[in-house]
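So the structure is just underneath, and the comments pick up after that.
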Amino acid sequence: MRAELPFRYYVRAIVQHQLHLPGVMLAILLLCQPTPLHAQSSSGPAVPNPPPATPQPAPTTADATVAPPSAANPPSQPDAPPPPQPPAVDMPLVHSVIATALEFLGPRTLEPHSSRDFTLWGLGCLTALDPTLTFDSRGANIQLLAGPQPLLSRTAPPADSTDEWAKLATDFLEAARAHSTAVHAAERDDLLQAFFDELFNHLDPYSRYIGPSSASTDREARTGGEADAGITLAQNGRYIVVSAINANGPAWTSEIDTGDRVLAVNSQSTTGQSAATVTEWLRGPEDSALMLRLLSPGQRRAHTVTLRRAKVPPETVFAFVSGPIVVLRVTAFSSDTAEEMSQYLDQATQDKNLRGLIIDLRGNRGGVLQQAVTAAALLLDHGVAAVTSGRDPQSNHIWAVQGGDMTNGLPIAVLVDGRTASAAEILAAALADHRRAVVIGSATLGKGLVQTVAQLPDEGELFVTWSRVIAPLHWPLQGLGVMPQVCTSLGEADTNRALHTLASGRLANQAAITASRAARYPLTVPNILAIRKACPAALGNDRDISVARDLINHPAWYKTAIAAIPDDAAPAAQLSAAP
């Protein structure tokens with residue numbers, strides 16, 4: 001499904017009010033992306049990072065005592081060939097990375113911690129790498145021990161002296177490398193990864209360090225890698241054909257359609273070439289010219305299209321037509337998700353027979369916060385989409401939208417499941433709280449924490465949780481998640497009963513909806529579990545779509561479900577929920 005009209009992106013998402021900082025600050029939301037399920041992450045404007053700490057060599061001090069390798073790390077036998085030496089570690093760069101991280105972490109973590117806390121937590125990596133190494137920080141000095149033997153002693157700097165603690169960390173890492181074979185074998189990236197892993201074990205589960213290689217891959221996934229045309233090619237017998245067109249790419253508004261046969265790329269014939277080879281031909285320097293010779297199905301004459309290559313973020317929105325209903329499957333929130341949604345909505349609303357919209361957020365792990373807010377702005381006339389609150393004044397925002405509903409009030413159903421998280425939860429909560437959509441499925445994951453991103457001197461990235469998300473009706477997303485108006489996770493029989501109840505003018509899940517919207521931060525775990533048990537988190541199923549169609553096709557059912565959301569009766573002061 002493609003937009004044939006020029007892009008009409010007239011909806012704006014703006015910050016109506018910012019608690020402590022003038023201007024608009026764009027935070028990054030990487031919500032609900034635990035490390036094993038790491039998805040997308042962040043591009044677009046982020047909080048300005050402090051300048052990297054100036055790399056300085058770690059001084060060699062007189063009180064450093066280096067002991068010979070311990071019995072746990074015996075020297076190799078004289079007649080054995082010497083083992084290969086690991087690459088030298090650039091300790092000045094390690095110092096710069098740690099100093100930059102400590103400077104960035106200090107004012108931003110949800111709870112206050114000192115540079116001393118961060119450093120000692122991180123240095124726990126030495127014990128993890130070599131269990132014979134321990135620390136003694138009980139007195140005025142910090143000591144590194146190998147068993148009972150002191151390896152290095154340093155006077156503890158003032159708790160918030162960032163650079164001094166970075167120097168101490170670097171000195172201790174160097175001393176451990178000189179003593180321990182296990183630590184010495186760790187390369188720079190491994191050593192830093194271990195340091196930050198231990199540090200973040202003491203914070204929330206979403207703050208983390210991403211090494212240079214993975215960070216580069218993530219950045220490309222968010223913003224696009226090499227520049228190309230934004231089309232996908234496939235083999236169709238002897239021919240190379242266009243199988244998909246990315247709504248973010250330069251080909252979207254050109255005279256290229258799926259099914260077109262690619263005859264030549266920059267006058268180079270594709271005859272006898274594979275789809276993979278021709279795909280490589282499409283790539284090149286950003287903004288460089290690309291000429292495609294194409295033959296459309298049913299046509300006898302080929303035509304030529306000239307494009308300018310561009311970096312194309314992965315497509316995250318996919319549209320399907322189901323009779324008079326359009327289904328938008330949103331897989332993540334990247335830097336162009338709201339624009340993709342707008343293009344599909346622009347085309348869908350040209351159909352005078354359109355009766356409703358289904359937004360499928362099942363399995364969506366989240367992404368960029370402002371993209372979720374802008375997506376909400378496409379479907380809301382005005383109002384607050386979310387509130388973020390943290391210690392750092394720059395993390396505090398009331399994210400408000402204005403502009404106009406592109407669908408002119410068409411019924412909307414939003415599908416969610418237990419994997420729906422972060423930015424996806426923000427969109428679902430905003431549409432539900434404003435009585436703009438009926439949410440169907442199960443309780444969502446419940447990650448309402450915002451991460452801001454620091455670029456580090458080693459080209460790695462630091463993701464630091466710095467604020468909590470409060471929904472428009474003032475309830476916290478963290479832990480609680482979004483409670484659907486129509487629950488489908490309790491089985492087929494229960495879902496059928498819920499629809500029969502809806503047909504009679506009542507909502508089966510009304511008690512849980514009321515309780516979830518009345519919840520206020522902080523919530524205890526028992527309170528969260530008591531609310532969520534009404535519709536436990538589960539994977540989505542095929543019934544979700546059919547329930548959504550039923551609601552759109554029965555206006556009275558839809559109206560009952562919409563009315564189940566309580567009025568906004570909370571005092572305005574609760575918008576600035578304390579961290």
Side-chain angles (χ1 to χ4, degrees), residues 1 31-32 39 316-333 337 340-341 344-345 348 354-367 372 375-376 378-379 407 410-447 471 477 481-492 494-496 498-499 502 507-509 512-513 516 532 534-554 557-558 561-562 564-565:
M1 179 174 183
L31 302 173
C32 286
T316 57
V317 183
F318 303 88
F320 310 92
V321 176
S322 177
I325 297 172
V326 168
V327 181
L328 294 184
R329 173 91 174 97
V330 185
T331 59
F333 286 88
T337 298
E340 292 178 54
M341 283 187 64
Y344 283 123
L345 289 172
L354 183 65
R355 295 184 60 180
L357 178 68
I358 297 174
I359 302 176
D360 189 352
L361 300 178
R362 294 174 297 177
N364 185 319
R365 308 296 292 179
L378 301 174
L379 302 167
T407 69
L410 279 173
I412 300 174
V414 176
L415 306 184
V416 299
D417 66 5
R419 300 167 300 167
T420 303
S422 103
E425 291 178 287
I426 286 177
L427 177 58
L431 296 179
D433 278 12
H434 284 285
R435 295 182 174 179
R436 185 62 193 89
V438 175
V439 178
I440 297 165
S442 78
T444 60
L445 184 63
K447 185 182 180 232
L477 267 73
V482 180
M483 176 60 60
Q485 287 119 300
V486 181
C487 179
T488 63
S489 65
L490 295 173
E492 183 80 13
D494 191 88
T495 301
N496 289 335
L499 292 179
L502 201 57
L507 191 74
N509 207 31
I513 288 291
S516 68
R532 286 175 63 88
C535 187
L539 297 180
N541 56 67
D542 293 340
R543 187 68 197 278
D544 299 339
I545 288 280
S546 65
V547 170
R549 288 197 192 98
D550 286 344
L551 260 72
I552 291 174
N553 289 326
H554 293 82
W557 299 10
Y558 181 85
I562 285 288
I565 301 297

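- The shortest non-hydrogen separation linking Arg419 to Arg365 is O-NH1, 3.2 Å.
- Between Ala421 and Leu445, the shortest heavy-atom contact is CB-CD2, 3.8 Å.
- Contact annotation: the side chain of Leu357 approaches that of Leu345 to within less than 4.5 Å [non-hydrogen atoms, C-beta and beyond].
- Leu551 is listed as a side-chain neighbour of Leu502, based on a closest heavy-atom distance under 4.5 Å.
- Here the CG atom belonging to Leu361 is positioned 10.0 Å from the OG1 atom belonging to Thr331, to the nearest 0.5 angstrom.
- The nearest pair of heavy atoms linking Ser442 to Ala537 is OG-CA, 3.5 Å.
- The two residues Ala548 and Leu415 come nearest to each other via the heavy atoms CB-CD2, 3.9 Å.
- Pro536 is listed as a side-chain neighbour of Leu490, based on a closest heavy-atom distance under 4.5 Å.
- Counting only heavy atoms from C-beta outward, the side chains of Phe333 and Asn364 approach each other to under 4.5 Å.
- Here the side chains of Pro484 and Ile440 are not in contact, with every heavy-atom distance at 4.5 Å or above.
- Between Met483 and Asn509, the shortest heavy-atom distance links the atoms SD-ND2, 3.4 Å.
- Between the Arg435 side chain and the Ile565 main chain, a donor and an acceptor come within less than 3.5 Å of each other.
- In terms of heavy atoms, Thr316 sits closest to Ala332 at CB-O, 3.5 Å.
- Of the possible polar contacts, none joining the Thr337 side chain to the Val317 backbone as a donor-acceptor pair under 3.5 Å is found.
- The closest donor-acceptor contact from the side chain of Gln485 to the backbone of Ile513 lies at 3.5 Å or more, if one exists at all.
- Here the side chain of Asp417 pairs no donor or acceptor atom with the backbone of Gly441 at under 3.5 angstrom.
- Within the 4.5 Å cutoff, the side chain of Val326 has no heavy atoms near those of the Tyr344 side chain.
- Here Glu425 contributes atom CD and Leu427 contributes atom CG; the two are 11.0 Å apart, rounded to the nearest 0.5 Å.
- With rounding to the nearest 0.5 angstrom, the SG atom of Cys535 is 8.5 Å from the CG atom of Asp494.
- Between Ile359 and Leu379, the closest side-chain pair of non-hydrogen atoms falls below 4.5 Å.
- Atom CD1 of Ile358 and atom CD1 of Ile545 lie 4.5 Å apart (nearest 0.5 Å).
- Distance CD1/Ile325 to CG/Leu354: 8.5 Å, rounded to 0.5 Å.
- Taking the side chain to side chain donor-acceptor pair (under 3.5 Å) definition, one finds that Asp544 meets it with Arg362, Thr488, sequence neighbours left out.
- Residues that satisfy the side chain to side chain donor-acceptor pair (under 3.5 Å) test with Arg436, not counting sequence neighbours, are Asp405, Thr407.
- A heavy-atom distance below 4.5 Å is not found between the side chains of Val482 and Val416.
- Listed by chain and number, the residues in a side chain to side chain donor-acceptor pair (under 3.5 Å) with Asn496 are Arg543 (sequence neighbours excluded).
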